[in-house]
Amino acid sequence: MTGSNHTGVSHMVFYLLGIPGREDLHTWISIPLFISYVFALLGNGLLIFIILNKSRLHEPMYLFLSMLAGIDIVFATTTQPKALAIFWCNQREISLNGCIAQLYFQHSFFISESGILLIMALDRYVAICYPLRYTTILTHSIIGKIAAAVFTRAHCIIFPCIFLLKRLTFCRNNILPHTFCEHIGLAKYACDDIRVNIWYGFFVLMSTVILDMVLISASYVLILHAVFRIPSEEARHKALNTCGSHVCVIVLFYAPGIFSVLTQRFGRNIPLHVHILLANITMIAPPMLNPIIYGVKTKQIREQFLHLFFPKQK
């Protein structure tokens, strides 16, 4: 990992190429990305508005959902505006500090979303296994502490990446074949040894996203065990239905990322532009589709949405 052509000159400005080899399609590619980004902003903004303005939706499940919507807005905003600026205005330049800031917020809010999905799984576990104690266990005070813990974990574990990157000398190249910055994607352009960055990135992945996936799976094993012990078939169906939208969101959040990682690891013959498109889909698909999933599958949200846009005529 140590280069022999260390010049001592460190690049402070980088250039994002967008989707190399498909520059002629940048405008067309930007259209679905722009539409998806607008839907993500409007859908999640509307979800937050509905939940915060309806007191009967101030239950733990909906409060966690409003946090998820807020994270989705920030998460999409970390990458999509810059990608659209590249596609529309050819604004490829980004400073080193700007690149590090982008990847910092991108990674920290990705981990925050993973944490919120874990908490929502635990919320469903408490609601199904301890229904009579649900509101006494998940009080507003506890919810606030949980949210603070989720965000603190995400930002504290990503914060060292700033120093791990700032210590490097970027003298290899300053052309990034992507639409956004990422930790290892930026570090590999350094002339220094980046093994610490690689191992720390692996530690972050294992101690956050992978751990959350394991705990979510364990939560649903306990949930299913409790549900199938319910004697009434109607009650079992109702209990499982309350988890349906959350399961869809979990699959939507983790599946594209896993697929993208697998294609990067094993898809050596897959063109670079396909990897970049997959990465952008991973960034924008969950924020765009999450409010739609909850709007369609959650009766209370659906009713408030219809009441807001189609009020009953008196």
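The figures that follow rest on heavy atoms only: side chains count, while hydrogens, waters and symmetry mates do not. None of these values were measured; they are calculated from a predicted model.
The closest donor-acceptor contact from the side chain of N174 to the backbone of V13 lies under 3.5 Å. Between the side chain of D212 and the main chain of L117, no donor-acceptor pair closer than 3.5 Å is present. Counting only distance, with no hydrogens or angles, the side chain of S66 and the backbone of L63 share a donor-acceptor pair below 3.5 Å. A side-chain donor-acceptor contact under 3.5 Å links R167 to the backbone of L164. Remark: the backbone N or O of P286 is paired with a side-chain donor or acceptor of N290 at under 3.5 angstrom. The main-chain N or O of T77 is never found under 3.5 Å from a side-chain atom of K82 such that the two would form a donor-acceptor pair. For the pair Q102 (side chain) and C181 (backbone), a donor-acceptor distance under 3.5 Å is present. Proximity of a side-chain donor or acceptor of H140 to a complementary backbone N or O of H58 within less than 3.5 Å is detected.
A donor-acceptor contact closer than 3.5 angstrom links the side chains of N90 and R92. For the residue pair N280/T179, the side-chain donor-acceptor check at 3.5 Å is satisfied. Counting only N and O atoms by type, the side chains of T298 and Y62 include no donor and acceptor under 3.5 Å apart. With 3.5 Å as the limit, one finds a donor-acceptor pair spanning the side chains of K166 and N97. Counted by atom type alone, T27 and W88 present zero donor-acceptor pairs between their side chains at under 3.5 Å.
Using cut-offs of 30° and 60° for the angle between ring planes, the Y104 and F159 rings count as perpendicular. By the 30° and 60° cut-offs, the orientation of the rings of H246 relative to Y220 is parallel. Aromatic ring orientation, W199 versus F202: perpendicular (interplanar angle above 60°, classes split at 30° and 60°).
Residues Y125 and V221 are members of separate hydrophobic clusters, defined by side-chain heavy-atom contacts under 4.5 angstrom among Ile, Leu, Val, Met, Phe, Trp and Tyr. A chain of hydrophobic side-chain contacts below 4.5 Å, direct or via other Ile, Leu, Val, Met, Phe, Trp or Tyr residues, connects I137 to I143. When hydrophobic clusters are built by joining Ile, Leu, Val, Met, Phe, Trp and Tyr residues whose side-chain heavy atoms come closer than 4.5 Å, directly or via intermediates, L17 is not grouped with I184. L25 and F34 fall within a single hydrophobic cluster, where Ile, Leu, Val, Met, Phe, Trp and Tyr side chains are chained together by heavy-atom contacts under 4.5 Å.
When side chains are defined from C-beta on, I146 counts as touching F64, because their heavy atoms get closer than 4.5 Å. Contact check for H178 versus H275: no side-chain heavy atoms found under the 4.5 Å cut-off. Looking only at side-chain heavy atoms (C-beta outward), Y37 and L33 stay at 4.5 Å or farther from each other. Counting heavy atoms from C-beta outward, I258 and M213 have side chains that approach closer than 4.5 Å. Side-chain atoms of I301 and L57, non-hydrogen and from C-beta on, do get closer than 4.5 Å to each other. Using a 4.5 Å cut-off on side-chain heavy atoms (C-beta onward), V227 and I128 make contact. Residues L289 and S36 form no side-chain contact, since every pair of their non-hydrogen atoms from C-beta on lies 4.5 Å or further apart. Between L186 and L96, some side-chain heavy-atom pair lies under the 4.5 Å cut-off.
A centroid separation of less than 6.0 Å is found between the aromatic rings of Y200 and F203. Ring centroid separation for the pair F305 and Y294 does not come in under the 6.0 Å cut-off. The aromatic ring centres of F105 and F75 sit 6.0 Å or more apart. Ring centroids of H26 and F87 are separated by less than 6.0 Å, placing the two rings close together.
For A154 against I157, the heavy-atom pair with the smallest separation is O-CG2, 3.4 Å. Of all the heavy atoms in R153 and I111, the pair that sits closest is NH2-O, 3.5 Å. Pairing each heavy atom of S112 with each of V150, the nearest pair is O-CG1, 3.5 Å. Residues I19 and H273 share a closest heavy-atom pair of CG2-CB, 3.3 Å. Considering all non-hydrogen atoms of both residues, A187 and N197 come closest at CB-ND2, 4.2 Å. Taking each heavy atom of L122 and S219 in turn, the nearest pair found is CD2-OG, 3.3 Å.
Atom CD of Q106 sits about 9.5 Å away from atom CD1 of I158, to the nearest 0.5 Å. Taking CD1 of I216 as the start and CZ of F253 as the end, the distance is 8.5 Å to the nearest 0.5 Å. The CG atom of D24 sits 8.5 Å away from atom CD1 of I29, with the distance rounded to the nearest 0.5 Å. Separating the CG atom in L278 from the CE atom in M283 is a distance of 11.5 Å, to the nearest 0.5 Å. How far CG of L68 is from CG of N44: 7.5 Å, rounded to the nearest 0.5 Å. For the atom pair CZ of F163 and CG of L168, the computed distance is 13.5 Å after rounding to the nearest 0.5 Å.
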Criterion side chain to side chain contact (heavy atoms under 4.5 Å, CB included) on V209 and F110, from CA distance to verdict: CA-CA 9 Å; V209 177; F110 183 87; 3.6 Å; yes
Working for side chain to side chain donor-acceptor pair (under 3.5 Å), residues E59 and Y134: CA-CA 10 Å; E59 298 177 7; Y134 179 63; 5.7 Å; no
Evaluation steps, side chain to side chain contact (heavy atoms under 4.5 Å, CB included), between H11 and I175: CA-CA 10 Å; H11 295 294; I175 307 298; over 6 Å; no
Please tabulate, for side-chain N and O atoms in residues 45-56, each donor-acceptor pair with protein atoms closer than 3.5 Å (sequence neighbours left out).
residue: N53; atom: ND2; partner: F49; partner atom: O; Å: 2.7

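When each of Y189, F170, F180 is tested with F14 by the rule ring pair (Phe, Tyr, Trp, His ring centres under 6.0 Å), just one qualifies, namely F170.
Around CZ of R302, the count of heavy atoms belonging to other residues, nucleotides or ligands within 6.0 Å exceeds 12. Counting non-hydrogen atoms of other residues, nucleotides and ligands closer than 6.0 Å to OH of Y254 gives a total above 12.
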